[in-house]
Amino acid sequence: MSGHSRKEDEVRRMLDLPHPPVPVDLTARATALGTRLMNRRRTARLLFWLLVTVAVIVFTVWASVVEPWSVPPSETTPPLEGW
């Protein structure tokens, strides 16, 4: 007997046994759990995009106020000679 047919025989024996009883409210509990998971994921996704939006707005305001791309003013003035 090969390993494949032995496994098939084991599965057939398991399927021939009487099936365990299923709780009556299993569908309702599974639906409630799925609804809670979907709501949590939706809330997490909303918070993520809200945080990204706020970060972009804060960065834009900071960049427009500080202007990091411009050259900072000189700390010292060059010496004036020849006046």
Side-chain angles (χ1 to χ4, degrees):
M1 186 179 278
S2 69
H4 182 66
S5 63
R6 183 176 50 88
K7 289 181 182 179
E8 283 183 9
D9 291 339
E10 287 179 20
V11 169
R12 288 182 197 279
R13 272 185 272 147
M14 286 173 51
L15 290 175
D16 286 340
L17 296 174
H19 299 294
V22 177
V24 177
D25 64 337
L26 181 64
T27 305
R29 287 189 294 159
T31 304
L33 177 64
T35 303
R36 282 193 308 268
L37 287 175
M38 278 190 355
N39 287 338
R40 281 185 195 146
R41 287 180 183 164
R42 185 179 302 129
T43 303
R45 196 176 313 123
L46 176 68
L47 288 175
F48 170 75
W49 284 113
L50 184 66
L51 180 66
V52 167
T53 304
V54 168
V56 167
I57 291 170
V58 167
F59 176 76
T60 304
V61 169
W62 171 81
S64 66
V65 170
V66 175
E67 295 181 0
W69 55 86
S70 64
V71 178
S74 174
E75 296 281 330
T76 61
T77 58
L80 293 176
E81 296 177 9
W83 275 78

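Using a 4.5 Å cut-off between side-chain heavy atoms of Ile, Leu, Val, Met, Phe, Trp and Tyr, with links allowed through other members, V66 and F59 fall into the same hydrophobic cluster.
Taking E67 as the reference, nothing meets the side chain to side chain donor-acceptor pair (under 3.5 Å) condition, with sequence neighbours excluded.
Taking all atoms of both residues into account, the shortest heavy-atom contact from P68 to A63 is CD-O, 3.6 Å.
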Hey, can you pull the donor-acceptor pairs under 3.5 Å for the side chains in residues 11-35, sequence neighbours left out?
unit_1: T31; atom_1: OG1; unit_2: T27; atom_2: O; d: 2.8
unit_1: T35; atom_1: OG1; unit_2: T31; atom_2: O; d: 2.8

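For N39 and R36, the side-chain atoms include no donor-acceptor pair closer than 3.5 Å.
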